[in-house]
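Proteins get letters first, then strands, A, B, ... in listed order; numbering begins at 1 in each.
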Protein chains: 2
Amino acid sequence: METVTDAALADTLREAGLKVTEPRVAVLTALTEIPHSDADTIFGAVLPSLPGTSLQAVYGVLAALTTAGLLRKIEPAGSSALYERRIGDNHHHIVCTECSAVRDVDCVVGHAPCLTPSDAGGFTVHTAEVNFWGVCPDCQNALTQKSAD
Amino acid sequence: METVTDAALADTLREAGLKVTEPRVAVLTALTEIPHSDADTIFGAVLPSLPGTSLQAVYGVLAALTTAGLLRKIEPAGSSALYERRIGDNHHHIVCTECSAVRDVDCVVGHAPCLTPSDAGGFTVHTAEVNFWGVCPDCQNALTQKSAD
DNA sequence: AAGTTGTCTTGAGTTATTCAAAACAACTGA
DNA sequence: TCAGTTGTTTTGAATAACTCAAGACAACTT
């Protein structure tokens, strides 16, 4: 079934007008399995199947796929750039302040007005980005444990 | 009047439980004049009055003041960290995608619900951060000019 | 099957930021 | 007012994430 997936990914690449190469398919596969990964993590995930690859190649692939609109790049404060395949639905993210884990948060519909600034100071607004910061379940447990000592 | 301001800043530092030093006053002064500045810009602004200072000192001061709650650190995607003195009012920012200029945007009141994620996936949410991306008036003019050629 | 175009590999370089140790200065109490 | 203590700054070096450039190579076109 890996072949099936690969073929689907190849189509995705072709549809975007990109050449289908092993590194690109491998990066897409890795990001399907582990979303919100940074370049180094993806490199690690890709290395076993592509022994000759380099971190720079991963950076290049990520840049190409992001430009083509196949990936979304997110850059939470304090983290390196993360990438995800989920695109086109303008969802948001919540980041754990303890362990930097990232989780998708569906866009709250019906509240679009709040994402229009009251006074944009003459700026033409293109996009609104919302990031939530909090503590993930695992870290909540860990913290509770610690305070119980 | 510089003295008056310096005295006020000194009080601000003391109230926060920090020692009053020239670098700290100078950094606060610089950030009063040029908000949304990065460490290097602040270093440049501070250097004339503090010839012996270093960029690392500025980093140290910024970290201390941020920890003490006297500064807010913002890290827009693609920029280095910026600092501002306006704190405690949870306002947002709009960043120009052309020139990276940053402008304050007052928090849109009366729409708090939209900043509560629909499903936080078990996360405890502390803060919601909103960033707007757009084109500043200057760059709008520049772009219009260019397209008119 | 060959050519062209775009991609990957290899290697080096840049920028923002952090770390560590010693020199130094600000507040405390005498 | 002065010495002591504690915290800050200076100096120097190191790190991490990312970018740039040139040649080797592979994917799609005809």
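No engagement by B/A63 is indicated, since no non-hydrogen atom pair under 4.0 Å with the nucleic acid exists.
Between B/D38 and B/T41, the side chains place a donor N or O and an acceptor N or O closer than 3.5 Å (distance only, hydrogens not considered). With hydrogens and angles left out, the side-chain atoms of B/D138 and B/Q140 include no donor and acceptor closer than 3.5 Å.
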Sugar-phosphate or base contact per nucleotide [nucleotides 7-12 of chain D; S, B, -; heavy atom under 4.0 Å]: SSSBBB
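Here D/dC18 presents its P atom at 9 Å from CG of A/L82, a figure rounded to the nearest Å. D/dA17 atom C1' lies 10 Å from atom NZ of A/K73, rounded to whole Å. Atoms OH (A/Y59) and P (D/dC20) sit 13 Å apart, rounded to a whole Å. Separating the CD atom of A/E75 from the C1' atom of D/dT19 is a distance of 14 Å, rounded to the nearest angstrom. The interatomic distance linking A/F43 (CZ) with D/dA16 (P) rounds to 15 Å, in whole Å. Atom pair B/D38:CG and C/dT18:C1' shows a separation of 16 Å (rounding to whole Å applied). Between the CG atom of A/L13 and the C1' atom of D/dA27 there is a distance of 12 Å, given to the nearest Å. Taking atom CG on B/D11 and atom C1' on C/dC27, their separation rounds to 15 Å, with Å as the unit.
Looking at every heavy atom in both residues, B/V25 comes nearest to B/L9 through O-CD1, 3.8 Å. Here the shortest heavy-atom pairing between A/F123 and B/C136 reads CZ-CB, 3.5 Å.
The ring pair (Phe, Tyr, Trp, His ring centres under 6.0 Å) check on A/H93 picks up A/H36, A/H91, with sequence neighbours excluded. Scanning for side-chain hydrogen bond (donor to acceptor under 3.5 Å, both in side chains) contacts around A/T21 gives an empty result, with sequence neighbours left out.
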